[in-house]
Amino acid sequence: MAYILPASNRSMRPDRNTYDGKRFVHVKNPYLDTMDEDILYHLDLGTKTHNLPAMFGDVKFVCVGGSPNRMKAFALFMHKELGLAEGGEDIKDICAGTDRYCMFKTGPVLSISHGMGVPSISIMLHELIKLLHHARCCDVTVIRIGTSGGIGIAPGSVVITDTAVDSFFKPQFEQVILDNVVTRSTELDKELAEELFNCSKKILNFPTLIGHTMCTYDFYEGQARLDGALCSFSRESKLDYLKRAYKAGVRNIEMESTVFAAMCGLCGLKAAVVCVTLLDRLDCDQINLSHDVLVEYQQRPQRLISNFIKKKLGLHDQIS
Ligand SMILES: O=P(O)(O)O[C@H]1O[C@H](CO)[C@@H](O)[C@H]1O
Ligand SMILES: O=c1cc[nH]c(=O)[nH]1
């Protein structure tokens, strides 16, 4: 399939075709087709109010992360990295009509914030996946670029998730539907994880590993922290839990990966989770990095994904 360039950008023409088949987004809801209009309420977009195929039809990479500022910074960074000259400084928030999420588009890359935790990212993903469907996007890769707490690895390491696991170290996400619990798989694309890992090897001084990521429903008690407003367990129990997690293959902890993996998997989207670790949870609970170090750490997943996207677009000579 030929990759279609946005008219405004001649400099990012790929030197070879990297997409060999059309993978469309699957929405699995028979009611959607019967609806006259679909209002994507939390994104402030809709099928009657916006020409979604014209606005988003060329999207190939969607990057998501908790913080609106990080996702804006990523969009600006990608804009520069893709050699898109004009309009970078005043890149517009497509979801400016709502303050739930923000969304920026640069060339074939969409950058969206999802807030913190499973309910927040899940609402965004429902509307994002419908958006990609309505826009008739194909061959889309979705990547979460986030922060996390590491287990037994140096702060600043980048973890590429092979499997997202729940608080019991199980590769599953439990969705309550009506009064049933539906269990969904949280496997991620292993080939994509390997490809990202290979990309990381080309960046100097870039500690990266592939491992399981544990997704919790809370930052404090849910992640065995001793410094929340509530704590009912001992330091020994905390360390015992985290060491058992390590033994089960868990290398970092965050709060969105299981539902992200489950929803992307069910809807036929290639997906990856790439998170930098801000601390080693075997050593401490509080994040006490200086502002500059925190900013540099948060840029690591962005640098890796930028290199990956440039490679996929045939711009792989510009490794940064
Ligand atoms: O770095 P982001 O994407 O915000 O994600 C991580 O940071 C938040 C907690 O501080 C949680 O949402 C966790 O998953
Ligand atoms: O420890 C941490 C750090 C970032 N995000 C988390 O969810 N946990």
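Just so you know, ligand 1 is whichever comes first in the structure, and atom 1 is the first atom listed for that ligand.
- For ligand 1, the atoms lying closer than 4.0 Å to a non-hydrogen atom of Thr147 are 1 (O), 2 (P), 5 (O), 6 (C), 7 (O).
- Polar contact check, Gly66 against ligand 1: a nitrogen or oxygen pair lies under 3.5 Å apart.
- Glu37 and Thr47 share no side-chain donor-acceptor pair at under 3.5 Å.
- Of the N or O atoms in Gln223, one or more lie within a sub-3.5 Å distance of an N or O in ligand 2.
- Between Leu294 and the options Thr147, Leu289, Asn288, a side chain to side chain contact (heavy atoms under 4.5 Å, CB included) holds for only Leu289.
- Within ligand 2, counting atoms from 1 as listed, the ones closer than 4.0 Å to a heavy atom of Leu279 are 1 (O).
- Under a 4.0 Å criterion applied to the non-hydrogen atoms of Gly146, ligand 1 contributes the atoms 1 (O), 3 (O).
- Contact annotation for Arg70 and ligand 1: only side-chain heavy atoms (C-beta onward) come within less than 4.0 Å of the ligand.
- Around atom CZ of Arg136, no more than 12 heavy atoms belonging to other residues, nucleotides or ligands sit under 6.0 Å away.
- Under a cut-off of 6.0 angstrom, the local environment of CG in Leu266 is crowded, with over 12 non-hydrogen atoms contributed by other residues, nucleotides or ligands.
- Annotation for Tyr41: atom OH does not count as buried by contact number, only 12 or fewer foreign heavy atoms lying within 6.0 Å.
- Remark: Glu296 engages Arg300 in a salt bridge, criterion side-chain N to carboxylate O under 4.0 Å.
- Remark: minimum distance from atom 2 (C) of ligand 2 to any protein heavy atom is reached at Gly149 N, 3.3 Å.
- At a cut-off of 3.5 Å, with distance as the only test, no side-chain donor of Thr98 or Asp44 sits close to an acceptor on the other residue.
- Ligand 2 has a nitrogen or oxygen under 3.5 angstrom from a nitrogen or oxygen of Arg225.
- Under a 4.0 Å criterion applied to the non-hydrogen atoms of Phe219, ligand 1 contributes the atoms 9 (C), 10 (O).
- The existence of a salt bridge linking Arg144 and Glu254 is confirmed by a sub-4.0 Å separation between a basic side-chain nitrogen and an acidic carboxylate oxygen.
- Contact check on Lys270 versus Asp139 returns no salt bridge, with no Lys/Arg side-chain nitrogen under 4.0 Å from an Asp/Glu carboxylate oxygen.
- More than 12 heavy atoms of other residues, nucleotides or ligands lie within 6.0 Å of NZ in Lys190, so this atom counts as buried by the packing criterion.
- The contact set between ligand 2 and Ile253, taken as ligand atoms under 4.0 Å from a residue heavy atom, comprises 6 (C), 7 (O), 8 (N).
- Contact atoms of ligand 1 toward Met116: 8 (C), 9 (C), 12 (O) (distance under 4.0 Å to a heavy atom of the residue).
- Every N/O-N/O distance between Ser67 and ligand 1 stays at or above 3.5 Å.
- Here is the list of ligand 2 atoms found below 4.0 Å of a heavy atom in Met255: 7 (O).
- Put simply, no part of Thr216 is less than 4.0 Å from ligand 2, judged by heavy atoms.
- The residue among Arg144, Met255, Gln223 with a heavy atom at the shortest distance from atom 5 (O) of ligand 1 is Arg144.
- The heavy atom nearest to atom 11 (C) of ligand 1, considering only Glu254, Gln298, Glu256, is found in Glu256.
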